[in-house]
Amino acid sequence: MHRRLTLAITMLVVGASLLVAASFASASGGSSHAFKKGGIWRYGITGASVQVDTQLAYVTTAWWLEYATAAKLYNYPDKQGPAGSKLVPEVASKFTVSRNGKVYTFTIRPGFRFSDGAKVTAKNFKRAIDRTANKALGSPGATFITDVNGTNIVGANKVHNGSGTSVAGAVAKGNKLIVRLTKADGTFMAKITMPFFQATSLKLPLTKEISTVTKTNMPSAGPYYMTRNDPDRLTQIRQNPFWKKGPGRTRPRNLTGVDLQWNLNEQTLFNQTVANQIDEDPAMPAAEVAGIAKKYGVNKTRFWSKSQNCTGYLPMNTSRSLFGGNPNLRKAVNYVINRKDFVSQAGPYAGDPWTHIFNPGVPGWRNVSLYKRNLATAKKLAKGHFKSGKINLGYRSSGTINPAQAQIVRRDLISLGFKPGDINMVPFSGTDIYTAMGKRGTELDMGTSMGWCSDYSDPYDWLNVLLYGGAIQAENNNNYSYFNDPKWNKKLASAARLVGPKRLQVYGQLDLDIMKQAAPMAIERTYNNRYLFSNRVNPKSLIYQGIYQDFSIPAMALK
């Protein structure tokens, strides 16, 4: 599941003017003087590893790590609640915006250094923009700065389309980073804080991915840096030896580092965490949750449940014959899916059944239920629309919950009228299903146990990113439904130009209209994060950072 969370809605409405005032405030992090210093946090996870390249990583676990390793122009404090959603200066001491809202000038403060000792300059942020936009790299972050209907940095589209390797609208002059947009955009500051646009070492090649990490080939400038990444085995972060307290560098830093082990067995991981051999298990077996909650309580010591600004869904690939030009079958799937059964596979405190894209954390959401399960209605809609009757169903094979949810979907498709032998179940470990579904031309017709979380607090990050057909590229797509309808493309582009309350009103209605009329996906659920910690963990150090929807690594401490 992709991740991210929120700026305050007021920032969305008033745009950059509020941030200009805030840009002169000093950044502040959580106090950590009372906590133990040192120790390695042992984290386990089921499933395959994720991309870690700074301009390619785009799933929840990677951004959790990058919140500890990245140094950004502006960042969010290691604080809970509203205090953690206030954007504050980090590497940039301030910024200014031109009267027409098109030119941002950031002043880069001295003192930040990469983990290899190199000084952070404006050129490192230009490198991040150039690398993100470069077509050959295929960064999913490109859509956030090459969007003619949203944020569009001058020249970024040319680089993204294969012309040149330097974005004309991002210029480094001394200690100034100057970014020119083709038009004013109130969401720009929220987007530029995403990890894609962190200070990026000039060692990173413009067009090639870094996958196997050593201590020297992917330096970072935050409190920590990645020292090792053996795909599917072990990822490590350690303290950046050149990060010292100073202006913009006020974040806590308690742990020596984190060791993240991949591909662990779900039950083994749980047992090792109970036995204090692993410090954090984010993937508890569903059958164990109720007992653990009763034993330790909720959000007190060892078991925690926190809500996410995320929605789970079944994307239906409209570029393939089965669901292409076939809204009746897509609606039938929405009516036949038993959402209660689907969510229940994850156990207590996991989330709730849901029927449309916007969850309660999305500005403009409406408390409406669109598809109440009705087998008769589903069969009536599906009749005569099965085409070949064959469906390739991708699913996440890691752990016990994902396969169980896939079987619920398979069961419901059979009840709709698909023959068991015509349902081809295609397994993917961990987040590999996103890579497969994200490649244009994929043979998958549908994916299960997939989801989306906010990158920033604006409905554009949901509807336009997930469903605007004009953004479809060769790979790393977020529009897993490959929905490309001129009528809805026009409506989405029109909504993107609105501001203030009208923007939220229009997007809220679009969410419902698209799901009722086109149904390019079947929405299943909302999400909570659930965690089990070892008794080595100091629970008072656990700061749930709402922007990234996870506990802050720099604030964590052991007993």
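Throughout, residue positions are numbered sequentially from 1 according to the sequence presented.
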Would you say [X] has more than 12 foreign heavy atoms packed within less than 6.0 Å of its [atom1]?
X      : atom1 : value
Lys295 : NZ    : no
Lys390 : NZ    : no
Lys559 : NZ    : yes

Would you check if the distance from the ring center of Tyr480 to the ring center of Tyr434 is below 6.0 Å?
yes
If we check side chain to side chain donor-acceptor pair (under 3.5 Å) with Tyr544, which of these qualifies: Asn299, Asp550, Asn529?
Asn529
Please report the shortest heavy-atom distance between Leu314 and Thr448, naming the atom on each side.
CD2-CA, 3.6 Å
Using the salt bridge (charged side-chain N to carboxylate O under 4.0 Å, His left out) rule, collect all pairs that involve [range], keeping only residues at least two apart or in two chains.
range            : result
residues 217-229 : Arg228-Asp230
residues 522-532 : none
residues 43-63   : Asp53-Arg131
residues 429-451 : Arg320-Asp445

If only atom types and distance count, is the side chain of [X] paired as donor or acceptor with the main-chain N or O of [Y] below 3.5 Å?
X      : Y      : answer
Ser398 : Gly430 : yes
Tyr371 : Met515 : yes
Ser481 : Phe483 : no
Asp461 : Asp458 : no
Ser220 : Thr69  : yes
Thr318 : Phe323 : no

Within 45° of the axis and under 6.0 Å from the centre of the six-membered ring of Tyr224, does NZ or CZ of Arg251 qualify?
no
Quick check with a 6.0 Å cut-off and a 45 degree axis cone: is Lys191 positioned over the face of Phe144's six-membered ring?
no
Side chains of residues 405-420: which donor-acceptor partners sit under 3.5 Å, not counting sequence neighbours?
{"from": "Gln405", "atom 1": "OE1", "to": "Ser449", "atom 2": "OG", "distance (Å)": "2.8"}
{"from": "Gln405", "atom 1": "NE2", "to": "Phe342", "atom 2": "O", "distance (Å)": "3.3"}
{"from": "Arg411", "atom 1": "NH1", "to": "Asp341", "atom 2": "OD2", "distance (Å)": "3.2"}
{"from": "Arg411", "atom 1": "NH2", "to": "Asp341", "atom 2": "OD2", "distance (Å)": "3.1"}
{"from": "Asp412", "atom 1": "OD2", "to": "Asn338", "atom 2": "N", "distance (Å)": "2.9"}
{"from": "Ser415", "atom 1": "OG", "to": "Asp412", "atom 2": "O", "distance (Å)": "2.6"}

I'd like to check the side-chain hydrogen bond (donor to acceptor under 3.5 Å, both in side chains) partners of Lys72; sequence neighbours left out, ordered by chain and number.
Tyr548
side-chain hydrogen bond (donor to acceptor under 3.5 Å, both in side chains) partners for Trp304, two or more places apart:
none
Which of parallel (below 30°), tilted (30 to 60°) and perpendicular (above 60°) describes Phe196 and Tyr58?
tilted
Going by the angle between their ring planes, with limits at 30° and 60°, are Phe533 and Phe551 parallel, tilted or perpendicular?
perpendicular
Residues passing the side chain to side chain contact (heavy atoms under 4.5 Å, CB included) test with Asn528, sequence neighbours excluded, are Ser305, Ser307
Testing the 3.5 Å rule here: is there a donor-acceptor pair between the side chains of [X] and [Y]?
X      : Y      : answer
Tyr527 : Asn359 : no
Asn538 : Ser541 : no
Gln55  : Thr200 : yes

Salt bridge (Lys or Arg N to Asp or Glu O under 4.0 Å) partners for Asp232, two or more places apart:
none
With sequence neighbours left out, what residues match Arg302 under salt bridge (Lys or Arg N to Asp or Glu O under 4.0 Å)?
none
Residues 361-370, side-chain donor-acceptor partners within the protein, below 3.5 Å, at least two apart:
{"from": "Trp365", "atom 1": "NE1", "to": "Pro360", "atom 2": "O", "distance (Å)": "3.4"}
{"from": "Arg366", "atom 1": "NH1", "to": "Gln509", "atom 2": "OE1", "distance (Å)": "2.5"}
{"from": "Arg366", "atom 1": "NH2", "to": "Gln505", "atom 2": "O", "distance (Å)": "2.9"}

Should Arg42 and Asp259 count as an ion pair when the cut-off is N to O under 4.0 Å?
no
Tyr296: ring pair (Phe, Tyr, Trp, His ring centres under 6.0 Å) partners, not counting sequence neighbours:
none
